[in-house]
Amino acid sequence: EDQVTQSPEALRLQEGESSSLNCSYTVSGLRGLFWYRQDPGKGPEFLFTLYSAGEEKEKERLKATLTKKESFLHITAPKPEDSATYLCAVQEGETSGSRLTFGEGTQLTVNP
Amino acid sequence: DGGITQSPKYLFRKEGQNVTLSCEQNLNHDAMYWYRQDPGQGLRLIYYSQIVNDFQKGDIAEGYSVSREKKESFPLTVTSAQKNPTAFYLCASSTNRQGSSNQPQHFGDGTRLSIL
């Protein structure tokens, strides 16, 4: 059974204080790892897809990296508007089609 | 604008009542999904459909039903058999072209269901 574990559950940062969120996974054959941002009362917003170990993607202050067992979402010099819950999800091999398995998320708060 | 529309935003259910949540997309996506999110938890898959007139159970399908009669619509019915229906329900869609099954899912803004 696929497992996706995110840590920490919650993270408080001061504006400008860089940090990383972790997503560790166990799947039989990774087809893609997805990062989403979710604001309160809203649906998740797609950020990145990573397909293979060693891959990196960047968007503004966010950078996602992938190894064979985990992914990191690095946040450089965060601003208060980066406060949100960050979710990761994995897509397994051919037999599960296009379905995703989600982690429980990391709630990020950036204080001014 | 292209996107996914969920309605209503808030819904209340009485004991023994079935309620239906609407999900419409104009992204021309083949695949659609329903998730449930409880406070402080991730998303759990209820049902998904990869093509019109076909759908599969997810991890927590008991007490729910769906239909997929049109490509753009995937309504979810929460039946009276679902004993703990209070949650945030999210609908998503994705392309499902051959060789592109690892495309991201795009989400609507959810329906919050509560028990009266």
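Below, chain A is the first sequence line, B the second, and so on; all start at residue 1. As the structure is a prediction and not an experimental result, all values here were calculated from the model.
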Report task. Say whether I46(B) and Y33(B) are linked into one hydrophobic cluster, either directly or through other cluster members, by side-chain heavy-atom distances under 4.5 angstrom. Result -> no

Query - Flag if over 12 foreign heavy atoms under 6.0 Å of CD, Q107(A) - result: no

Query raised in the report: Can you find a pair of side-chain heavy atoms, one from L47(A) and one from P104(B), that are under 4.5 Å apart?
Result: no

Query raised in the report: Should we count CZ of R61(A) as having more than 12 external heavy atoms under 6.0 Å?
Result: yes

**Report entry** NZ/K68(A): more than 12 non-hydrogen atoms of other groups inside 6.0 Å
**Finding:** no

Query raised in the report: Can you find a pair of side-chain heavy atoms, one from D59(B) and one from R99(A), that are under 4.5 Å apart?
Result: yes

Query raised in the report: Take atom NZ in K42(A); do more than 12 heavy atoms of anything else shown fall under 6.0 Å from it?
Result: no

Requested in this report: Report the C-alpha distance between Q38(A) and L90(B) in whole Å, list the side-chain angles of each, state the deciding distance to 0.1 Å, and finish with yes or no for side-chain contact (heavy atoms from CB on, under 4.5 Å).
Outcome: CA-CA 12 Å; Q38(A) 186 177 25; L90(B) 288 158; 4.0 Å; yes

**Report entry** Flag side-chain contact, heavy atom, 4.5 Å: Y48(B) against L100(A)
**Finding:** no

Query raised in the report: Any donor and acceptor pair, going by atom type alone, linking the side chain of D109(B) with main-chain N or O of G43(A) inside 3.5 Å?
Result: yes

Requested in this report: Find out if a path of hydrophobic residues (ILVMFWY) with successive side-chain heavy-atom gaps under 4.5 Å connects I4(B) to L11(B).
Outcome: no

**Report entry** Any donor-acceptor N/O pair, Y36(A) side chain to H106(B) backbone, under 3.5 Å
**Finding:** no

Requested in this report: Would you check, one step at a time, whether the test ring-ring contact (aromatic ring centres under 6.0 Å, His included) holds for F107(B) with F46(A)?
Outcome: CA-CA 8 Å; F107(B) 287 82; F46(A) 169 69; over 10 Å; no

Query raised in the report: Can Y35(B) be reached from F55(B) by stepping across I, L, V, M, F, W or Y side chains whose heavy atoms are under 4.5 Å apart?
Result: no

Query - Per-residue contacts, residues 60-70 of chain B versus chain A, heavy atoms under 4.5 Å - result: none

Requested in this report: Answer with yes or no whether the hydrophobic clustering places L11(A) together with I75(A); edges join I, L, V, M, F, W, Y residues whose side-chain heavy atoms lie under 4.5 Å apart.
Outcome: yes

**Report entry** hydrophobic_cluster_shared for F102(A) and Y89(B), side chain cutoff 4.5 Å
**Finding:** no

